[in-house]
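Just below is one structure, and these are the notes that go with it.
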Amino acid sequence: VTDQLSREQAVESFYRDVADGDLQPLWRQVGLLPSTPPISDLPFRWRWRDVRALAERAAELIPIGGGGDRRVLAYSNPGLCGEPYATRTLWAAVQILNPGEAAPAHRHTPAAVRFVLEGQGVWTLVDGDPVVMRPGDLVLTPSWCWHEHHSDGSGPMLWFDGLDLPMSRALDAVFFENGETETVSRAVDTVSASEQLYGAPGLVPDDGPEQLAPPHSPLYVYRWPATDAMLDRLIRVRTGDRHGFAHLRYADPTTGADVLPTLRCTATRVAEDVRTPSSRRSGSSVWVLYDGAARVVVDGVAFELESGDTVAVPSWAPFDIEARVTSTFFSISDAPVLEALRLARTQTMRPQAIVREA
Ligand code: GTQ
Ligand code: FE2
């Protein structure tokens, strides 16, 4: 009995000393290596109707210089304890700029993409190259590139922002700097240098073998008319008629790689009444319904979407789309990171059952 007691005491004092030594025994950790990822971000939808109204109130009430120099409402996933993140790895937001306003120059290590939802008259300066933004365009501001947004328009412009900010934050790799803001309009330069040099399919400047390519696409903008036409051709050529669905990936024209080392951008079109296969992948994504009406199911939760609605898809959550009318989505994901680290997994499954209507 005394042997037993002294042993228990020895074990107890051992655990105290381990804790005092700032150590933790692996054998007391529960859930450290779960069989599938323990997800806390939720399948979630933000309605454009509500978001748009709040963005417009911000545009009336809050000046651009009112903090952060960007008028941005971040999609905050309710599963992430109040953090301003749409998913574990992705920042997603809506930004609004009034006519005559400028969001001043700055740069940061987190990389950003913009997908234009409404309005006209905005030009974004990316490392000095003026990119005019129109609805449906994808605009890149890669890591550490200077950027500023200016509006010469006659009404507000609203666009979707996607950033790798939560990833950069988790890696303690966020750096930021303010810059010199342009004072003359560059909206007259309607074709950016990046488009002039990299905008022709299959043709890129031959800069010689010694040229070290940047780790991002040198083309800063992907225009909607090209995306729209390509989606239609993809459906027609691949399925032989107009009743299918198509996924396209925005690519660096010099390498075919993703547009940014940390973010994949895709566009998806689903024809009326077509349902895509259910699939899931490790890593998260955010989906914006650009145009149409569709039901998406995320981990058994069904969301009926209208144009502009945005949905968070957590890691390993089964996902599919059923179009009510022909629908086009823009999406961002962290796929390039998972693939580079050899952590990517995908699985196509039977059509998932609907557990709940959101
Ligand atoms: O437009 O520069 O949504 O710096 C978040 C951070 C947008 C921007 C965001 C930013 C920006
Ligand atoms: Fe920025």
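For reference, positions follow the sequence shown, starting with 1. Ligands are counted one by one from 1 in listed order, and the atoms in each one are counted from 1 as well. Side chains are part of it too, since the values below use all heavy atoms of this structure and drop only hydrogens, waters and symmetry mates.
For the pair Asn77 (side chain) and Leu42 (backbone), a donor-acceptor distance under 3.5 Å is present. Using modelled atom types, no side-chain atom of Arg269 and backbone atom of Gly244 make a donor-acceptor pair closer than 3.5 Å.
Computed with the Fe ion (ligand 2) at the centre, the His108 NE2 to His147 NE2 angle is 90°, stated to 10 degrees.
Using a 30° and 60° split on the angle between ring planes, His149 and His147 fall in the tilted class, from 30° to 60°. Relative ring orientation between Trp27 and Phe14 is described as parallel, the plane-to-plane angle staying below 30° on a 0-90° scale split at 30° and 60°. Between Trp287 and His247, the ring-plane angle classifies as perpendicular under the 30° and 60° cut-offs.
Protein heavy atom in closest approach to atom 11 (C) of ligand 1: Arg114 NH1, 3.7 Å. With respect to atom 8 (C) of ligand 1, the closest heavy atom belonging to the protein is Arg70 NE, 3.0 Å. Among all non-hydrogen protein atoms, the one lying nearest atom 3 (O) of ligand 1 is Asp161 OD2, 2.8 Å. Protein heavy atom in closest approach to atom 6 (C) of ligand 1: Leu163 CD2, 4.0 Å. Protein heavy atom in closest approach to atom 5 (C) of ligand 1: Trp91 NE1, 3.6 Å. Atom 10 (C) of ligand 1 has His108 NE2, 3.9 Å as its closest protein atom, hydrogens excluded (heavy atom only).
When ring centroids are compared, Tyr290 and Trp224 come within the 6.0 Å threshold.
In this structure, the side chains of Val113 and Asp161 stay at 4.5 Å or more apart for every pair of heavy atoms.
Of all atoms in ligand 1, numbered sequentially from 1 with element shown, those under 4.0 Å from a heavy atom of His106 are 2 (O), 4 (O). Each of the atoms 1 (O), 2 (O), 8 (C) of ligand 1 lies under 4.0 Å from some heavy atom of His149.
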